[in-house]
Asks: 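Handing you a structure now.
If you read the sequence from its start, that first residue is 1, and numbering goes on from there.
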Amino acid sequence: MLSLRGFWNRHRRKLFIALGALGGGYAIYKFYDAHRRRVTLLERQLDGVREVDELIKSQLQNHFENIQRISDTTTLPYAMHYLKSRIAADLDVSYLTEELRQAKGQYSTLTTKDKAELWERLKILSFTRLTTSIWSMTVLCLYVKVLVNILGRHLYVDIARGSESSETLDEVESFGRHGHQEFLATADYLSTYGISTLIMNMQSAAAEVLKDKQLKDLFSMEKLHEMIMQILQLFMSIESPNYWISYLVPENAVTYRQMMALPFSGFEDTSALMDAGKLEQLVSETWAVLSSPEFRNITELSLNKLVNVLVEEIDMQLKGGNISASGAIPLVTLLPRVTQLAPQLLDEPSSNRFIQIIQSLPEVQFFYTLVYSNMPPLS
């Protein structure tokens with residue numbers, strides 16, 4: 001007992017130090033272990049966030065691709081089909097060609113003046129039909145892509161603002177909940193409401209440009225190109241520089257809903273209010289995009305490219321035909337070719353090479369990128 005007490009007295013300080021070291025080591029270990037657990041938990045949480053983020057991106061991409069598919073397979077084809085029907089009905093030239101054919105008969109009662117008036121009407125209507133088809137197909141094609149990119153940007157923003165909320169995902173997946181269906185449906189506005197005024201103004205532009213052009217006048221392909229572009233440019237400047245937008249887009253979203261007979265019960269239905277509010281915002285942004293100098297530039301670029309292609313096609317058709325030594329032909333010889341080309345411009349989009357030419361222009365593709373990203377000056 002005395003030896004144990006003596007040992008304790010001699011080594012007490014050393015034992016305290018050793019015990020302190022052991023206790024401190026244990027405390028450090030516990031602290032490290034707790035820290036490691038927290039780090040592991042945070043890493044798992046971060047992995048979960050990454051998985052959710054990837055899931056959101058995947059869902060957003062799938063949803064945008066679905067909208068793109070609907071646009072390509074339903075929205076544009078339907079709008080183009082209806083537009084083709086309206087132009088064919090409202091700018092029918094078959095009755096004029098039939099009257100002129102009958103006028104060649106031995107028993108025709110038409111006077112020389114009557115025949116001249118028929119030819120004049122055929123001249124104006126033929127070029128009105130061609131330029132109406134060129135302009136409406138080009139602008140409708142560009143317009144539908146603008147709709148899709150504006151809608152895609154809004155879907156992205158909706159997801160980014162509430163990526164942690166499953167409710168936000170549900171709202172995005174509910175295709176019509178924020179007026180997306182109604183927004184894409186504005187592609188039909190041109191053929192439903194805007195086409196009549198468009199044709200009237202295009203016919204006025206064609207009559208103005210063609211008023212001094214006689215059927216016997218000789219036209220080179222360069223002169224033909226210039227004349228078609230003059231009609232389109234004059235048409236674009238009628239009323240005001242951006243008046244033509246009213247052919248494409250309703251000025252008021254709520255009024256448009258009423259015109260389309262969509263259910264809207266004013267302030268009593270909050271979901272309808274939300275739809276109308278979203279639709280109004282989307283339509284307002286669309287007006288801003290179409291009013292921009294950038295959209296006008298790509299429209300003019302696309303129209304010029306399309307007219308180039310059409311004139312080259314007419315030139316190919318006429319080679320070996322009735323062409324004078326100077327390479328120019330009478331305007332009367334051009335009319336049948338002009339009449340035949342117009343319906344081809346409004347063929348089904350999936351097989352429409354004119355649409356494919358427009359969509360493949362680098363400037364057009366870059367413009368869509370600007371719309372999707374909402375970069376200045378489109379913001």
Side-chain angles (χ1 to χ4, degrees), residues 64-92 128-152 175-176 179-202 232 235-236 244-253 255-262 279 282-283 285-287 289-290 295 298-299 302-303 306 341-361 364 367-368 371:
F64 182 67
E65 288 176 356
N66 184 49
I67 293 174
Q68 183 69 60
R69 179 185 58 79
I70 291 172
S71 167
D72 292 341
T73 62
T74 304
T75 305
L76 184 59
Y78 180 83
M80 196 68 72
H81 174 75
Y82 194 25
L83 181 64
K84 185 176 185 178
S85 300
R86 286 296 306 272
I87 291 176
D90 294 357
L91 291 172
D92 182 26
T128 299
R129 186 175 182 178
L130 176 66
T131 51
T132 297
S133 299
I134 291 172
W135 190 90
S136 58
M137 183 277 286
T138 300
V139 177
L140 180 62
C141 177
L142 296 172
Y143 174 57
V144 169
K145 287 292 185 180
V146 166
L147 295 182
V148 171
N149 281 277
I150 288 177
L151 187 54
F175 184 73
H180 297 165
Q181 285 178 320
E182 293 91 337
F183 184 55
L184 289 177
T186 62
D188 300 330
Y189 186 84
L190 171 63
S191 55
T192 306
Y193 299 104
I195 190 65
S196 298
T197 306
L198 187 159
I199 289 175
M200 180 183 68
N201 288 334
M202 188 69 78
L232 292 169
F235 166 77
M236 292 281 281
W244 53 268
I245 301 176
S246 63
Y247 309 140
L248 288 169
V249 193
E251 292 188 33
N252 184 280
T255 301
Y256 177 67
R257 286 175 65 100
Q258 294 170 347
M259 292 166 64
M260 296 295 290
L262 292 172
L279 178 61
L282 293 171
V283 169
E285 290 186 20
T286 302
W287 269 89
V289 171
L290 300 189
F295 185 81
I298 66 160
T299 299
S302 300
L303 289 172
L306 198 55
L341 275 177
Q344 298 176 27
L345 289 160
L346 302 171
D347 282 345
E348 207 279 329
S350 64
S351 58
N352 191 322
R353 65 188 180 90
F354 302 110
I355 290 179
Q356 294 167 5
I357 288 171
I358 293 171
Q359 298 289 19
S360 64
L361 291 173
V364 171
F367 178 78
Y368 294 150
V371 174

Asks: Looking at Phe183 and Val283, what are the two nearest heavy atoms and their distance?
Replies: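 Looking at all heavy atoms of both residues, the shortest contact is CE1-N, 4.0 Å.
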
Asks: How far apart are the closest heavy atoms of Tyr143 and Thr186, and which atoms are they?
Replies: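 Taking every non-hydrogen atom into account, OH-OG1, 2.8 Å.
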
Asks: Would you give the length of the straight line joining atom CG of Leu140 to atom CG of Leu190, rounded to the nearest 0.5 angstrom?
Replies: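 Here the interatomic distance stands at 6.0 Å.
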
Asks: How would you list, by chain and number, every residue that makes a side chain to side chain donor-acceptor pair (under 3.5 Å) with Asn201, sequence neighbours excluded?
Replies: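 Asn201 satisfies side chain to side chain donor-acceptor pair (under 3.5 Å) with Tyr247 only.
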
Asks: Between Leu345 and Met137, what is the shortest heavy-atom contact and its length?
Replies: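 Result for this residue pair: O-CG, 3.1 Å.
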
Asks: For the residue pair Tyr82 and Ser191, what are the closest heavy atoms and their distance?
Replies: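 Tyr82 and Ser191 have their closest heavy atoms at CD2-OG, 3.2 Å.
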
Asks: Nearest 0.5 angstrom please: Tyr193 OH to Ser246 OG, how far?
Replies: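 The distance works out to 14.5 Å.
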
Asks: Return each pair, listed once, that meets salt bridge (Lys or Arg N to Asp or Glu O under 4.0 Å) where at least one residue sits in residues 128-144; pairs must be two or more places apart or across chains.
Replies: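 Sorted result for residues 128-144: empty, none.
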
Asks: Between CG of Leu361 and CD1 of Ile298, what distance do you get to the nearest 0.5 Å?
Replies: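 Answer for the CG-CD1 pair, Leu361 versus Ile298, is 9.0 Å.
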
Asks: At what distance, to the nearest 0.5 angstrom, does OG1 of Thr138 lie from CG of Leu142?
Replies: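 The OG1 atom of Thr138 sits 7.0 Å away from the CG atom of Leu142.
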
Asks: Once salt bridge (Lys or Arg N to Asp or Glu O under 4.0 Å) is applied, what residue pairs with a partner in residues 76-88 remain, sequence neighbours excluded?
Replies: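 Residue pairs passing salt bridge (Lys or Arg N to Asp or Glu O under 4.0 Å), neighbours aside: Lys84-Asp347, Arg86-Asp90.
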
Asks: Return the OG to CG distance between Ser136 and Leu346, rounded to the nearest 0.5 Å.
Replies: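 Rounded to the nearest 0.5 Å, the OG-CG separation comes out at 5.5 Å.
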
Asks: With rounding to the nearest 0.5 Å, note down the distance linking CG in Leu306 to CZ in Phe354.
Replies: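 One finds 6.5 Å between CG of Leu306 and CZ of Phe354.
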
Asks: Kindly indicate, with the supporting measurements, whether the criterion side chain to side chain contact (heavy atoms under 4.5 Å, CB included) is fulfilled by Thr299 and Met236.
Replies: CA-CA 10 Å; Thr299 299; Met236 292 281 281; 4.2 Å; yes

Asks: Excluding sequence neighbours, so at least two apart, what forms side chain to side chain donor-acceptor pair (under 3.5 Å) with Thr73?
Replies: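 Not a single residue meets the side chain to side chain donor-acceptor pair (under 3.5 Å) criterion with Thr73.
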
Asks: Please report the closest heavy-atom contact between Thr131 and Leu232, naming both atoms and the distance.
Replies: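 Looks like O-CD2, 3.7 Å.
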
Asks: Taking the side chain as every heavy atom from C-beta outward, state whether Phe367 and Val289 have any pair of such atoms under 4.5 Å apart.
Replies: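 With C-beta onward as the side chain, the pair touches.
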
Asks: Could you work out, with side chain to side chain donor-acceptor pair (under 3.5 Å) as the rule, every residue matching Gln356, not counting sequence neighbours?
Replies: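 By the side chain to side chain donor-acceptor pair (under 3.5 Å) rule, Gln356 matches no residue at all.
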
Asks: Just to verify, what does Tyr368 make a side chain to side chain donor-acceptor pair (under 3.5 Å) with, not counting sequence neighbours?
Replies: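 Tyr368: side chain to side chain donor-acceptor pair (under 3.5 Å) contacts with Gln359.
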
Asks: Does Tyr189 offer a backbone N or O that forms a donor-acceptor pair with the side chain of Thr192 under 3.5 Å?
Replies: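 Such a contact is absent between Thr192 side chain and Tyr189 backbone.
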
Asks: Is there side-chain contact between Phe235 and Leu198, with heavy atoms separated by less than 4.5 Å?
Replies: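 Yes, their side chains come closer than 4.5 Å.
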
Asks: What closest approach, in Å, do Leu76 and Cys141 show between heavy atoms, and which atom pair accounts for it?
Replies: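 In this case the closest contact between Leu76 and Cys141 is CD1-CA, 4.3 Å.
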
Asks: Classify the ring geometry of Trp135 against Trp244: parallel below 30°, tilted from 30° to 60°, perpendicular beyond 60°.
Replies: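 Plane angle over 60°, so perpendicular.
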
